[in-house]
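Beneath this line is the structure, given in structure tokens, with notes to follow.
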Amino acid sequence: MTETPTVETREFQAEVSRLLEIVAHSLYSERQVFLRELISNASDACDKLRFLAQQDAGLTAGDAEFRIALSVDKDASTLTVADNGIGMDKDELVANLGTIARSGTAAFVKAMEEGQRKDTPLIGQFGVGFYSSFMVADRVVVESRKAGTQAAWRWESDGKGSYAVSPGSREARGTSITMHLKSDAAEFLDAGKLAEIVRRYSDHIAIPIVLDDKTLNRASAPWTRAKADVTPEQHEEFYRHVAHAFDKPWGTLHWRAEGKIEYAALLYVPGSRPMDLFAPERRHGVKLYVRRVFVSEAPEGLVPRYLRFLRGVVDSEDLPLNVSREMLQNNPVLAKIRQSVTGRVLGELEKRAKDDAEAYGEFWANFGEAIKEGIFEDAENGKRVLGLARFRTSAAPEAWTSLADYVARMKEGQDAIYYIAGDDPKAVATSPHLEGFRKRGIEVLLLSDPVDEFWVAQTDDYEGKKFRSVTRGAADLAKFAETEKKDDAKPEDAPDIAPLLALFRLALGDSVKDVRASERLAESAVCLVADDADIDIHLERMLRQHKQLKAISKRILEVNPSHALIKALAETVRARGENQAVQARVNEVAKLLLDQARIVEGERLDDPADFARRMAAALAEGFAPG
Ligand code: ADP
Ligand code: MG
């Protein structure tokens, strides 16, 4: 017969071990944030239980007053942070305190691994969650009992590679974390010091934090306070807590809605872009409270998907307290709140964009790609979202341009907003398709986010101006050429290239739809464009990559009549076009130019070896003696 051992020793996940090593050597001045982290966890644990108790009052029977208690034992040199929250069972202790759970901690490890930051001061900024207790303790003992269960569990570790789990002795629900303080961390035995740290970092916690029967914090949720009553520092700490974030908020929105629907909201726009903004399962970060009771982490439908970068709290007065997750799904009150919150957030963004374009640009660089989804996803606000959008353009590739700015700069007679789309910002900015537009001073939007193709395809116009791809259809630039004719080559200077185009057509046969003279090129010899009736080249490539499209539509090869090579070829063809050797050479050059245009377009060549052979042959000819 085998008996289960009472003490199980387990290894930390490798990342945790590495993290703990950093933590153990962290800087003295940063260490006090461990208390903030433990209190934040305790507060979360109380929130979770308070929610569950809505459905099952038995869970908090006999002790419905949530609190976080600090206690010190000077003789044993220990500090304990205890809560009467939800607690953890054995499996949860192992999963939560033996691996890297998520959020701030994971971000910290990632930053460390990327090697950008080998210094410890960052710990204070990131806050590595539970593991930060090892900054001040050389042994940590966790006793926990999950609400609604009878068994208590004990977790213990010296933070050096392994931890032990065994049955515990805690008699009430909740968790206590006892830190055996390092010899140089005796300051955390001092009540005055603890009170100071709590007031500094944890004042926003809505649950009383008690030490020696004294409540150290204000214990009122910040969103319930008057706007003027919350300092920027307090916002920063609260943001860290709700967002599990480590940066500073870029924007803070704090308001109370009264009238048909009543709610308070305290929302933050993060200062940096989370790594998983585009993960499919990515949710927003706005918690739902109902009359000060936490109800749900990030309920679907509270915030539109394209605003998923928001963090914070919405506290409703109207929803029933016992609202279940299922009931929330199609709840009309929630839909009204979403509408109101969305309008408010868009309004604030519009204001910031107007008041401080530079700061708005930073925001846009972080989250613009997500917001653009709103152009087509939000039927009601799509136009507004379009107005918030900022772009790089051919005229101002370093700055952010709004569509309003673009329209104001439009040339006389210009009736469309031109854009070029591609997946690489650099390739887009240097595309030959832009040459003719540049020359005529016509600005083109440079689009290189995957979402761009979708909103462009689904947006009819901006203020009556249609969106037009510069890689599709005829460029129609002739009318603009009139205005800047002086430094343009006179048309009669261009050799008649019709015979050359005819030979090109013959040479390329089925691989192109047509060959024609280009208006959009200035320096480059050739480029590929889509026919007006076909879809945009880049969009088609995207659809092919997503397996939504198999066939490749044929392209039109546009040829630049004023390019030296084309001029020379046209001249030769005019003079000796019937000569078979000339025809054979034009044939080769046509194929080379087509492949070259494909490369610029980011397409793969059907036969790269063939291209290389032709290229080498052409070069050899150029270097041939005589
Ligand atoms: P985070 O809070 O970012 O998830 P932490 O390292 O602070 O990361 O905590 C890891 C996890 O451990 C928490 O998500 C939670 O599930 C659990 N946990 C930590 N402290 C407590 C506590 N006092 N009560 C219940 N669960 C806790
Ligand atoms: Mg935490």
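Numbering of ligands and ligand atoms starts at 1, following listing order.
Residue contacts with ligand 1: A45 is placed with no nitrogen or oxygen under 3.5 Å of a nitrogen or oxygen of the ligand (distance criterion only). Considering backbone and side-chain atoms alike, H244 places an N or O below 3.5 Å from some N or O of ligand 1. In terms of polar-atom proximity, defined here as any N/O pair under 3.5 Å, N41 does make such a contact with ligand 1.
The residues R218 and D229 are annotated as salt-bridged, a charged nitrogen and a carboxylate oxygen being separated by less than 4.0 angstrom.
Between W155 and F130, the distance from one ring center to the other falls under 6.0 angstrom. Aromatic ring centres of F188 and F34: separated by under 6.0 Å. Between F363 and Y360, the distance from one ring center to the other falls under 6.0 angstrom.
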Go through R10 and E8 one step at a time and tell me if the salt bridge (charged side-chain N to carboxylate O under 4.0 Å, His left out) criterion holds.
CA-CA 6 Å; R10 294 172 179 245; E8 272 179 60; 3.1 Å; yes
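In the model, Y306 has a side-chain atom that pairs as donor or acceptor with a side-chain atom of D378 under 3.5 Å.
Which parts of ligand 1 touch F130 is read off a 4.0 Å heavy-atom cut-off, strictly below it: atoms 5 (P), 6 (O), 7 (O). Below 4.0 Å from some heavy atom of G129 lie the following atoms of ligand 1, by number and element: 5 (P), 6 (O), 7 (O).
Ring pair H241/H204 is tilted by interplanar angle, where 30° to 60° counts as tilted.
Around the Mg ion (ligand 2), protein N, O or S atoms at less than 2.8 Å comprise N41 OD1.
Under the 6.0 Å distance and 45° angle rule, R392 counts as a cation-pi partner of W400.
Within the 4.0 Å heavy-atom criterion, the part of M88 lying near ligand 1 is the side chain and not the backbone.
Nearest residue to atom 17 (C) of ligand 1 from I68, D83, N96 is N96 (criterion: closest heavy atom).
Here Y239 pairs with Y268 under the ring pair (Phe, Tyr, Trp, His ring centres under 6.0 Å) rule; sequence neighbours left out.
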